[in-house]
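Index from 1, following the sequence. Just so it is clear, the model here is predicted, and its values are computed rather than measured.
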Amino acid sequence: MGCNNYNGYYLLEGPLKLDLIDGSINVLGFELNNKSQRRNIIVPIGRSLPIIANKSCIEVSPSHKNIIEVKDNIYSIFYEIYKKVSNSKKILIIGPNDSGKSTLAAFLINAFWSDGIKMKIMSADLGQNEIYCPSFVSISDIIPPYIPGWRDSVKNVKSCFVGDFSSYKNREKYIECIERLDNENLIIDTDGLIDEDAIKLKLSLIQELNIDTIISIGINNIEKYLNKKVNLINLDKIVKKEKTKTQRKENRDRLISNCILNSNKIILKLNDLKIINEQNLFPGYIAGIEANDSNQYFGIIYKVSDDKIIILTQYIGEINKIEIGSIKLNLKNYENLLKLK
């Protein structure tokens, strides 16, 4: 590990920790320099992060090999998009898997914050929720720079439990959760389903949430689905490299593992609980734990007896209500993590 000088365009390949010693770097629309409160960032495993370095002295772990010099300045495209949406209050981003939705959403929210506008980020991608946990819709403030998957770049997270990895399976609850978490100054990052029904489902949010801008990535003829005038920006795919189904599943498993690591075992009496979808009260099912403030927290049914259940949950407090989803995990796949609980 050492302090090397960088100047130009680079791609950071996670997992990686970067410490800025001198100079400045632009991290997805937010500048870090000697005056910044935060002078380090983490790029999670499976993530690639484009940056601009300006005569920067940087320490990197585990290796400087994780910094790759590139010729393309993708930021020029991002800034052009930001100019077109800088007066927007609510932005909906739609597109296929691995088209660059999350990277663009991160850039825009960082650019807004750089201009003093504190936009919130919403993850409506149930299978790859990088703000909270899979099977939830979540909204949060950011601690700039916001980097997808880096939990230390979000705060005040609020979540609503849908109970599936796909918006298809429980459409009414999916829309209900998004509406429940609605907020002013919002960027919504959606999943990669783009068939006709999926597009119509997403565009139904326009009326309910008063969305004023849609960014469509890699989708043709989206105009035919619109029944309200909005600021529509059509883009080609920003990211050309698509993950395989196996890679996306591995990423989801990492996100679930992180949620398990941040959970504790709680013993509850069945007679004291209101249980929604009690027919799924079996070990392995993901659940939403209802908090007193109506926020919902990640949980997993761990063990069930005649009068008690043991759940793994991130919620600390009195529990009176749980909602069980339709996803059942194989707990044996997380056996090593469960031994730590």
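Counting heavy atoms from C-beta outward, Ser326 and Asn170 have side chains that stay 4.5 Å or more apart. Using a 4.5 Å heavy-atom threshold, the side chains of Leu12 and Asn66 count as separate. Under the 4.5 Å side-chain criterion, counting only non-hydrogen atoms from C-beta, Tyr302 is not in contact with Ile267. Taking 4.5 Å as the limit, some side-chain heavy atom of Leu281 sits within range of a side-chain heavy atom of Leu270. Counting only heavy atoms from C-beta outward, the side chains of Leu193 and Lys202 approach each other to under 4.5 Å. The closest side-chain heavy-atom distance from Leu18 to Asn40 is not below 4.5 Å. With contacts defined as side-chain heavy-atom distances shorter than 4.5 Å, the pair Asp307/Asn271 does not qualify. Using a 4.5 Å cut-off on side-chain heavy atoms (C-beta onward), Asn231 and Asp212 make no contact.
Residues Phe30 and Tyr146 place their aromatic rings such that the two centres sit no closer than 6.0 Å. Between Tyr297 and Phe136, the gap from one ring centroid to the other reaches at least 6.0 Å.
Side-chain contact check for Ser167 and Asp191: at least one donor-acceptor pair (N or O, by modelled atom type) lies under 3.5 Å. Remark: the Asp22 side chain and the Asn34 side chain contain an N/O donor-acceptor pair separated by less than 3.5 Å. In this model, no donor atom of one side chain and acceptor atom of the other lie less than 3.5 Å apart for Arg252 and Asn129.
Note: Ile25 CD1 to Leu32 CG = 5.0 Å, rounded to the nearest 0.5 Å. Here CG of Asn251 is found 9.0 Å from CD1 of Ile45. Values are rounded to the nearest 0.5 Å. Here the CD1-CD1 distance, from Ile289 to Ile316, works out to 13.0 Å after rounding to the nearest 0.5 Å. Summarising the geometry, atom OH belonging to Tyr334 is positioned 4.0 Å from atom CG belonging to Asp253; distances are rounded to the nearest 0.5 Å.
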### Trace of the side-chain contact (heavy atoms from CB on, under 4.5 Å) decision for Arg39 with Asp19
CA-CA 6 Å; Arg39 298 183 62 188; Asp19 291 289; over 6 Å; no
### Candidate pair Tyr174 and Tyr168, rule ring-ring contact (aromatic ring centres under 6.0 Å, His included), full reasoning
CA-CA 9 Å; Tyr174 180 70; Tyr168 267 3; 9.8 Å; no
### Task
Starting from the C-alpha separation in whole Å, work towards a yes-or-no answer on side-chain contact (heavy atoms from CB on, under 4.5 Å) for Ile94 and Ile194.
CA-CA 8 Å; Ile94 62 176; Ile194 58 166; 5.9 Å; no
### Task
Would you check, one step at a time, whether the test side-chain contact (heavy atoms from CB on, under 4.5 Å) holds for Asn258 with Arg151?
CA-CA 10 Å; Asn258 185 67; Arg151 299 299 174 90; 3.2 Å; yes
### Task
Output, in order, the C-alpha distance, side-chain angles, deciding distance and verdict of side-chain contact (heavy atoms from CB on, under 4.5 Å) for Tyr285 and Asn277.
CA-CA 11 Å; Tyr285 273 94; Asn277 298 329; over 6 Å; no
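The environment of CD in Gln37 is sparse: at most 12 heavy-atom neighbours from other residues, nucleotides or ligands sit within 6.0 Å. Within 6.0 Å of CZ on Phe282 lie no more than 12 heavy atoms contributed by other residues, nucleotides or ligands. Heavy-atom contacts from other residues, nucleotides or ligands closer than 6.0 Å to CD of Glu172 number 12 or fewer. The neighbour count for Lys332 NZ, taken as heavy atoms of other residues, nucleotides or ligands under 6.0 Å away, does not exceed 12.
The two residues Ile109 and Ile187 have their closest heavy-atom pair at N-CD1, 3.7 Å. The minimum heavy-atom distance between Pro134 and Cys259, with the atom names listed, is CD-SG, 4.5 Å. Contact record, Ile219 with Asn234: O-OD1, 4.3 Å, taken as the closest heavy-atom pair. What you find for Glu13 and Ser48 is that their closest heavy atoms are OE1-OG, 2.7 Å. Heavy-atom minimum distance, Leu268 versus Ile266: CD2-CG2, 3.8 Å.
In terms of hydrophobic clustering, with Ile, Leu, Val, Met, Phe, Trp and Tyr side chains grouped at heavy-atom distances under 4.5 Å, Trp150 and Ile143 are assigned to different clusters. At a threshold of 4.5 Å between side-chain heavy atoms, the hydrophobic network of Ile, Leu, Val, Met, Phe, Trp and Tyr places Phe112 and Ile139 in two separate groups. Leu255 and Leu261 are not part of a single hydrophobic cluster, where members link through side-chain heavy atoms under 4.5 Å apart. Ile93 and Val137 fall into different hydrophobic clusters, where Ile, Leu, Val, Met, Phe, Trp and Tyr are joined by side-chain heavy atoms under 4.5 Å apart, directly or via other members. Both Ile67 and Leu11 sit in one connected hydrophobic cluster of ILVMFWY residues. Membership requires side-chain heavy atoms under 4.5 Å apart, directly or through other members.
Residues Arg248 and Asp98 are paired through a salt bridge, judged by an N-O separation under 4.0 Å between the basic side chain and the carboxylate. For the pair Glu290 and Lys274, the salt-bridge criterion is not met [side-chain N within less than 4.0 Å of a carboxylate O]. A salt bridge between Glu80 and Lys83 is present, with a side-chain N of the basic residue lying under 4.0 Å from a carboxylate O of the acidic one.
Checking Lys158, Gln296, Gln314 one by one against Tyr132, the side chain to side chain donor-acceptor pair (under 3.5 Å) holds for a single residue, Gln314. Just one of Ile41, Asn110, Ile52 meets the side-chain contact (heavy atoms from CB on, under 4.5 Å) condition when paired with Val27; it is Ile41. Exactly one of Glu184, Met122, Lys120, Met119 qualifies for a side-chain contact (heavy atoms from CB on, under 4.5 Å) with Lys90. That residue is Glu184.
Using modelled atom types, one side-chain atom of Ser114 and one backbone atom of Gly29 make a donor-acceptor pair closer than 3.5 Å.
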